[in-house]
Engineer: 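Dumping the structure here so I can ask a few things about it.
Computed from a predicted model, the values in this text were never measured in an experiment.
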Amino acid sequence: MDREPEELQFMGFFGICNEAHKIILSWRRIFTQITLSLILPLSFVFLAHIQISDLIFTKITINEEALETTQMGSPSQDKILDRLSSEWTAFLLFKAAYLICVLVFALLSTSAVVYTIACIYTAKDLTYPKVISVVPKVWKRLMVTFLWNFIILLCYNTLAVTVIVLTLLLAGTGPAGALLLFFLAIAYGVGLVYISVVWHLASVVSVLEDVYGIQAMQKSKVLIRGKVGMACSIFLLINLALMAVNLLFARFVVHGSSLGVLPRITLGILFVFALSLLILVGLVMQTVIYFVCKSYHHENVDKSCLADHLEVYLGEYEPLKDRSVQLEQLYLKALKHTNLRKGNRTKVKFRNVSCTEKILPENSNKKIDLYVYVGDSDHLLEEI
């Protein structure tokens, strides 16, 4: 991220790809550590789920076929039904565990990569232990944003199903109805991609700004204006590559019994690393897109403010929760250190506060001007 903030707005599809490539290569050591500890387990769980699901479903299919040829009410039927019940229970429990693992590792990976790139952008000291210490504090914000995205997708899909059902009822299944369903499917796909892109950008907003959840989704929607085509193109490219890896894994590893055990294991390892690399590239690119969108809307990312925001996760900096409460505390400190007299109006410099003037409470007849400097707000620097 050696470009000036004003230059980022001119980056397009290939510029973002090139920037992501340079970031990963320049900081390959820490990205390798993040990949091995967080992204690699995510990829392993994702691909192992395909293999295990296929094994369970194969057993379920065999038992269902056997059930069709078994006499009703016989002891054999009871045994098959018991096996089917236990297999479906195992399948559902496995799916639940899989979804939890994928969600946790995905949020942790996103937290680590976004925080790392923000540190690179602000030229902060960056070490793997520091990143790992921050991740548990960041992923909770991402979880709230994810839950809001889930609610939005649930409503969107419910609306889509309702529209499709009404279309089938009103237009029927003839040529006109089929054509209408085709256009509805295209519109649904476009909307789904847009929601996904907004969510991915909102994940970055949740880490780098003070908002998360629905506010992060709204902020992401505003930021992406003017860059929707570019962001959607990158999203589709990454997801098509991920889909290709999944299909190749299913073809040559899950259903590639003719290849032998050793070649399938080798290919499986290669696919896990390929999927890990794609996920890393995707996370880096979505973070770069955030900075590009901020620059495009002339919302300059102040490096010092961003650095202070990042320090919050390390416990090195406590941000203002309520502006008036913080100013009130500063007034009391100024009153103590400067011995203001009745009717006086004095300017003092404090650190860590962003304000220009504070009118004191009704029970006070003094006014004081407060100015911002980066540092420790507990110390009065000077009286003007």
Engineer: Please examine the side chains of Ile279 and Ser43, heavy atoms only from C-beta on, and report whether any two atoms are closer than 4.5 Å.
Structural biologist: yes
Engineer: So, for Val253 and Gly268, which heavy atoms are closest and what is the spacing to 0.1 Å?
Structural biologist: CG2-N, 3.8 Å
Engineer: Hydrophobic clusters here meaning ILVMFWY residues chained together by side-chain heavy-atom distances under 4.5 Å, can you tell me if Val222 and Phe235 are in one?
Structural biologist: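 Shared cluster, no.
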Engineer: Test of understanding: clusters of I, L, V, M, F, W, Y form through side-chain heavy atoms closer than 4.5 Å, transitively. Do Ile152 and Leu192 belong to the same one?
Structural biologist: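 Yes, because Ile152 and Leu192 connect within a single hydrophobic cluster, where side-chain heavy atoms sit under 4.5 Å apart.
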Engineer: If you count heavy atoms of other groups shown closer than 6.0 angstrom to NZ of Lys95, is the number above 12?
Structural biologist: yes
Engineer: Is the distance from the ring center of Tyr188 to that of Tyr156 below 6.0 Å?
Structural biologist: yes
Engineer: Kindly list each side-chain donor-acceptor pair under 3.5 angstrom involving residues 55-64, sequence neighbours excluded, with atom names and distances?
Structural biologist:
unit_1 : atom_1 : unit_2 : atom_2 : d
Thr58  : OG1    : Asp54  : O      : 2.7
Thr61  : OG1    : Phe57  : O      : 2.8
Asn63  : OD1    : Arg83  : NE     : 3.3
Asn63  : OD1    : Arg83  : NH2    : 3.4
Asn63  : ND2    : Lys59  : O      : 3.1
Asn63  : ND2    : Glu87  : OE1    : 2.9
Asn63  : ND2    : Glu87  : OE2    : 2.8

Engineer: When hydrophobic residues are tied together by side-chain contacts of less than 4.5 Å, even through go-betweens, does Val197 share a cluster with Leu236?
Structural biologist: yes
Engineer: Taking all heavy atoms of Arg141 and all of Ser206, pick out the closest pair and write down the distance.
Structural biologist: NE-O, 2.7 Å
Engineer: Quick one: CG on Asn149 to CD1 on Ile214, what's the gap to the nearest 0.5 Å?
Structural biologist: 9.5 Å
Engineer: Within this structure, what is the CG-CD1 distance for the pair Leu184 and Ile164, rounded to the nearest 0.5 Å?
Structural biologist: 7.0 Å
Engineer: If you look at every heavy atom in Leu201 and Ser220, which pair is closest and at what distance?
Structural biologist: CB-OG, 3.1 Å
Engineer: Taking the side chain as everything from C-beta on, heavy atoms only, tell me whether Leu36 gets closer than 4.5 Å to Thr32.
Structural biologist: yes
Engineer: For the residue pair Phe252 and Leu259, what are the closest heavy atoms and their distance?
Structural biologist: O-CD1, 3.4 Å
Engineer: Starting at CG of Leu181, measure out to CD1 of Ile186 and round the result to the nearest 0.5 Å.
Structural biologist: 11.5 Å
Engineer: Just by distance, do the side chain of Ser85 and the backbone of Leu81 share a donor-acceptor pair under 3.5 Å?
Structural biologist: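 No, Ser85 side chain to Leu81 backbone: no donor-acceptor pair under 3.5 Å.
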Engineer: Please determine which of Val272, Leu280, Leu277 meets the side chain to side chain contact (heavy atoms under 4.5 Å, CB included) test together with Leu40.
Structural biologist: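 Exactly one candidate clears the test, Val272.
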Engineer: Applying side-chain contact (heavy atoms from CB on, under 4.5 Å), run through Ser111 and Tyr115 and close with a yes or a no.
Structural biologist: CA-CA 6 Å; Ser111 304; Tyr115 178 82; over 6 Å; no
Engineer: Within the structure provided, determine whether Gln286 and Val204 are in side-chain contact (heavy-atom separation under 4.5 Å).
Structural biologist: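 Gln286 reaches Val204 side chain to side chain.
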Engineer: Please examine the side chains of Leu237 and Phe13, heavy atoms only from C-beta on, and report whether any two atoms are closer than 4.5 Å.
Structural biologist: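 Yes. Closest side-chain heavy atoms under 4.5 Å.
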Engineer: Which heavy atom of Gly12 sits nearest a heavy atom of Met230, and at what distance?
Structural biologist: C-CG, 4.1 Å
Engineer: Distance from Ile23 atom CD1 to Met285 atom CE, nearest 0.5 Å?
Structural biologist: 10.5 Å
Engineer: Side chains of Ile34 and Ser109, heavy atoms from C-beta outward: is any pair under 4.5 Å?
Structural biologist: no
Engineer: Any side-chain heavy atom of Phe291 sitting closer than 4.5 Å to one from Met11?
Structural biologist: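 The answer is no; the side chains never approach within 4.5 Å.
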Engineer: Can you list the steps and then say if Lys294 with Glu209 is a salt bridge (Lys or Arg N to Asp or Glu O under 4.0 Å)?
Structural biologist: CA-CA 12 Å; Lys294 291 284 284 187; Glu209 300 190 17; 3.3 Å; yes
Engineer: Hey, can you tell me if Phe91 and Trp88 have their rings parallel, tilted or perpendicular (30° and 60° cut-offs)?
Structural biologist: perpendicular
Engineer: Should we say atom CZ of Phe150 is surrounded by more than 12 heavy atoms from elsewhere, each under 6.0 Å from it?
Structural biologist: no
Engineer: Quick one: does His200's side chain get under 4.5 Å of Leu283's, heavy atoms only?
Structural biologist: no
Engineer: When you look at OH of Tyr212, are more than 12 heavy atoms from neighbouring residues, nucleotides or ligands closer to it than 6.0 Å?
Structural biologist: no
Engineer: Looking at OG1 of Thr116 and CD1 of Ile30, how far apart are the two atoms once the value is rounded to the nearest 0.5 Å?
Structural biologist: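 Reported to 0.5 Å precision, the distance equals 4.5 Å.
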Engineer: Is the OH atom of Tyr194 crowded by more than 12 outside heavy atoms at less than 6.0 Å?
Structural biologist: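 It does: Tyr194 OH has more than 12 such atoms within range.
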Engineer: Can you confirm whether Phe31 sits close enough to Ile117 that some side-chain heavy atom of one is under 4.5 Å from a side-chain heavy atom of the other?
Structural biologist: yes
Engineer: Mind checking the CG-OG spacing from Leu107 to Ser203? Nearest 0.5 Å is all I need.
Structural biologist: 7.5 Å
Engineer: Do Val193 and Leu240 share a hydrophobic cluster, counting only Ile, Leu, Val, Met, Phe, Trp and Tyr and linking them when any side-chain heavy atoms are less than 4.5 Å apart?
Structural biologist: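 Unlinked, Val193 and Leu240 end up in two clusters.
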Engineer: Do Val161 and Leu168 belong to the same hydrophobic cluster, where Ile, Leu, Val, Met, Phe, Trp and Tyr are linked whenever their side-chain heavy atoms lie under 4.5 Å apart, directly or via other members?
Structural biologist: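 No, because Val161 and Leu168 fall into different hydrophobic clusters, even though each may have its own neighbours under 4.5 Å.
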Engineer: Grab the two heavy atoms, one from Ser37 and one from Gln33, that are nearest each other, plus how far apart they are.
Structural biologist: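 Where Ser37 meets Gln33 most closely, the heavy atoms are OG-O, 2.8 Å.
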Engineer: Using a cut-off of 6.0 Å, state whether more than 12 heavy atoms not belonging to Phe44 lie near its atom CZ.
Structural biologist: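 No, the 6.0 Å shell around CZ holds no more than 12 heavy atoms from other groups.
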Engineer: Apply the test side-chain contact (heavy atoms from CB on, under 4.5 Å) to residues Cys155 and Leu159: give CA-CA distance (whole Å), side-chain angles for both, the deciding distance (0.1 Å), then the verdict.
Structural biologist: CA-CA 6 Å; Cys155 296; Leu159 178 62; over 6 Å; no
Engineer: Can you say whether the rings of Phe146 and Trp199 are parallel (under 30°), tilted (30 to 60°) or perpendicular (over 60°)?
Structural biologist: tilted
